[in-house]
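Read through the structure below, which is laid out as structure tokens, and then see the notes.
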2 protein chains.
Amino acid sequence: MFSIRDYVDRNVSRNSTTSRVSTGSTTKRPTIKDVAAQAGVSISTVSLVINDKGYVSDQTRERVQEAARKLNFVPRPAARALPSKTTGNVGFVVRDDHFRRTEPFYTGVYLGTEFEANNRELYVLLTTIPTEYVPGKHTPRFLREQNVDGILVAGKVAPAFLAEASTSGVPVVLIDFEHDTLPAAVIDNRGGAHAATRHLIDRGHRHIALVGGDMDHPSLHARREGFQLACFEAGLSPDQVQFIVASEGESDYATGTVLAKRLFANGAVPTAAFCINDATALAVIDQAAGLGLKVPDDIAVVGFDDVPQAKHNQPALTTVRVQTDHLGELAMRYLVDLIEESRSRKVRPGRDPHRITLPTELVIRDTT
Amino acid sequence: MFSIRDYVDRNVSRNSTTSRVSTGSTTKRPTIKDVAAQAGVSISTVSLVINDKGYVSDQTRERVQEAARKLNFVPRPAARALPSKTTGNVGFVVRDDHFRRTEPFYTGVYLGTEFEANNRELYVLLTTIPTEYVPGKHTPRFLREQNVDGILVAGKVAPAFLAEASTSGVPVVLIDFEHDTLPAAVIDNRGGAHAATRHLIDRGHRHIALVGGDMDHPSLHARREGFQLACFEAGLSPDQVQFIVASEGESDYATGTVLAKRLFANGAVPTAAFCINDATALAVIDQAAGLGLKVPDDIAVVGFDDVPQAKHNQPALTTVRVQTDHLGELAMRYLVDLIEESRSRKVRPGRDPHRITLPTELVIRDTT
DNA sequence: CTGAAAGCGCTTACAG
DNA sequence: CTGAAAGCGCTTACAG
């Protein structure tokens with residue numbers, strides 16, 4: 001390993017002050033006690049007011065609120081956590097390779113959860129886990145320390161992790177993934193795929209291919225179902241529909257390129273392709289261009305996800321928009337619901353978990 | 001707004017158990033008290049052992065450790081935070097538009113900090129701020145609550161935020177950005193650009209262009225310097241060197257496309273282009289292909305960053321690799337150093353802030 | 001080297 | 001509607 005010292009650049013200008021600046025006021029940060037004194041009430045009352053709990057007369061409430069405002073009082077998270085037996089944190093787990101992906105899908109989801117967490121006065125502890133998850137070894141610290149009130153799991157993860165999370169004692173909500181009976185916030189993959197396929201059919205296409213990598217993921221599986229349903233409804237016969245699908249591997253640009261070659265290698269090329277996601281669609285378009293085929297005249301292409309590149313591509317890609325932020329928000333709200341539910345022990349008798357489904361939107365651009 | 005209820009999918013199978021499973025053992029989580037009882041010592045001693053502080057005889061140390069292991073004791077973060085006046089958290093701030101970028105630069109940096117945070121028993125609170133930062137309005141919650149021991153700021157952010165962070169009373173380390181005298185962990189942009197340019201010159205090129213968007217960012221500025229230095233050292237005359245630079249706008253693919261058109265519009269096209277980053281380089285390559293120019297025969301291209309796409313591009317892009325994880329790690333270590341330093345009040349007399357520089361590596365592929 | 005005690009800043013029954 | 005008191009689970013001087 002290396003030492004930090006190895007990298008210190010001594011050529012930095014030295015005529016400088018330090019970065020640590022005092023907070024200006026010498027008085028230390030106020031506590032609930034200071035607020036109580038200022039308002040002339042007990043700390044119990046202050047606590048009730050800032051938590052909006054119990055019965056407090058309007059008059060004292062206002063007096064407390066004014067005192068808090070005047071002193072610039074902000075409760076310390078740790079001091080609240082200790083007696084209340086809650087942490088004020090939620091965990092956000094995603095596989096590292098997913099998080100690193102070029103398409104900013106999970107960063108969008110994360111930002112949505114962060115936004116909603118801010119509204120709910122929660123901190124989000126973002127942790128990545130490896131694809132090959134080994135329980136004791138890779139267990140997120142917040143699980144070991146039981147330092148969260150709930151857990152969000154984004155995307156596909158190892159079942160071993162889900163088992164661990166499920167037995168942690170706090171609610172778990174999956175995002176864009178499904179597993180057993182765990183509650184989940186998912187995209188309307190089937191509906192989106194159906195709309196996209198329907199759109200191709202409406203444009204007059206009758207020979208259509210589905211192109212995509214491994215369909216093992218529940219979301220991709222649902223997209224295939226939506227595609228099939230639309231084909232069936234339109235009365236297409238099986239020989240009008242092709243499935244260009246890899247038996248393994250991610251549905252990424254590289255896999256898409258391989259599949260596109262297979263697609264165009266066939267004698268009778270379909271007039272339209274529903275691609276399982278944008279990465280695949282972009283690969284198909286590039287391969288088509290390489291062969292001198294015109295999009296959409298020779299082959300129409302529709303994707304799924306509406307990644308940033310979709311809009312900028314030449315030609316701009318018709319696709320299904322997924323509002324990733326919104327998905328994260330939705331999941332966080334759902335999790336908070338479950339957390340509150342589990343606190344008011346009333347609803348113990350195992351309410352069934354739900355899937356919450358986020359609608360999608362077909363965005364018609366230049367490839368169809 | 002909408003309600004969560006609007007999205008509940010009632011078609012989910014209902015023959016299921018709830019996701020909330022008890023932890024198995026009915027006994028509640030052990031505290032330091034339980035460990036003390038088990039080991040037959042006081043809680044003070046247990047505290048000393050688990051924090052590796054003060055003098056404890058080897059014998060009692062072992063007895064305590066065994067007791068802790070046996071009971072599966074894990075200290076609660078909140079309980080430590082309260083009396084110790086530390087939070088165990090560090091803030092990680094990045095602009096939302098940067099975090100959403102297609103190139104996973106900042107996610108890589110984040111993962112590096114997370115990795116190192118795990119080693120140091122710290123939690124990272126990732127927060128995004130808008131480009132147009134308004135102090136009171138967008139202030140991260142961890143600042144309001146003073147809920148961090150230190151702050152990492154990744155990439156360019158509004159000066160108003162840096163001012164707020166600097167006066168928060170905790171150390172701040174910038175990542176891939178520089179500002180006044182704040183400590184920073186930066187990439188060796190100048191060195192990387194110098195090596196890349198030198199490489200072009202070594203390949204025999206004498207007419208070279210620098211291509212990139214707005215050079216306002218310190219990192220890009222440093223790259224330009226490295227480029228210029230290499231040109232100067234090689235004795236290139238000013239008329240052999242072109243600067244195709246936008247006066248504003250990000251150095252992204254779209255801007256790169258515009259610049260590439262300008263580059264190729266000139267009568268005398270250079271034989272090589274040093275692009276300020278990979279996004280720009282990829283745009284140049286695509287534009288060259290559109291004009292029937294061969295890369296690298298008609299024009300050699302080198303980028304900077306080594307984004308995932310660089311390797312997969314046809315032809316694969318020669319570029320300068322930046323180990324984003326490593327950068328994050330480095331910054332986190334630096335921050336922890338500063339935090340510890342600020343705790344042991346000895347080093348008060350304003351030590352000068354440093355820049356810690358991460359080396360880069362030239363990756364030669366097929367475009368040069 | 002070890003323990004008793006005070007205290008961190010809150011919440012939460014429990015009285016009144 | 002309000003307050004006194006106990007307690008959350010640790011850390012940290014301070015004695016010894």
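All values reported here derive from a predicted model rather than from experimental measurement. Order of the sequence lines sets the chain letters (A, B, ...), proteins ahead of strands, with each chain counted from 1. Any value given below was found using the heavy atoms of this structure, including those in side chains, with hydrogens, waters and symmetry copies removed.
Residues A:T60 and A:S57 have side chains that bring a donor and an acceptor to within less than 3.5 angstrom of each other. Remark: the B:Q146 side chain and the B:S168 side chain contain no N/O donor-acceptor pair separated by less than 3.5 Å. Between the side chains of A:S47 and A:S44, no donor-acceptor pair is found at a separation under 3.5 Å. Side-chain contact of A:E145 with B:Y123: a donor-acceptor pair under 3.5 Å is present, judged by distance alone. Side-chain contact annotation: A:D149 with A:T87, donor-acceptor N/O pair under 3.5 Å present.
Within the structure, every pair that satisfies the side-chain hydrogen bond (donor to acceptor under 3.5 Å, both in side chains) test and touches residues 63-80 of chain B, not counting sequence neighbours, is listed here: B:N51-B:R80.
As a whole-Å value, the separation of A:D34 CG from C:dC8 C1' is 14 Å. Here C:dG9 presents its C1' atom at 12 Å from NZ of A:K28, a figure rounded to the nearest Å. What separates CG of B:L82 from P of C:dC8 is a distance of 9 Å, to the nearest Å.
Nearest to the side chain of B:K85, among D:dT2, C:dT2, C:dG9, sits C:dG9.
The shortest side-chain heavy-atom distance between B:L125 and B:V148 falls under the 4.5 Å cut-off.
B:S42 has no side-chain polar atom (N or O) that falls below the 4.0 Å cut-off from OP1 or OP2 of C:dA4.
Taken together, the paired segments of DNA chain D that extend over three or more consecutive Watson-Crick or G-U pairs, each closer than 3.5 Å at both contacts, are C:1-3 with D:14-16, C:5-12 with D:5-12, C:14-16 with D:1-3.
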Worksheet entry | Protein-to-nucleotide contact annotation, 5' to 3' order, nucleotides 10-16 of chain D [B base; S sugar-phosphate only; - none; under 4.0 Å, heavy atom] | BBB----

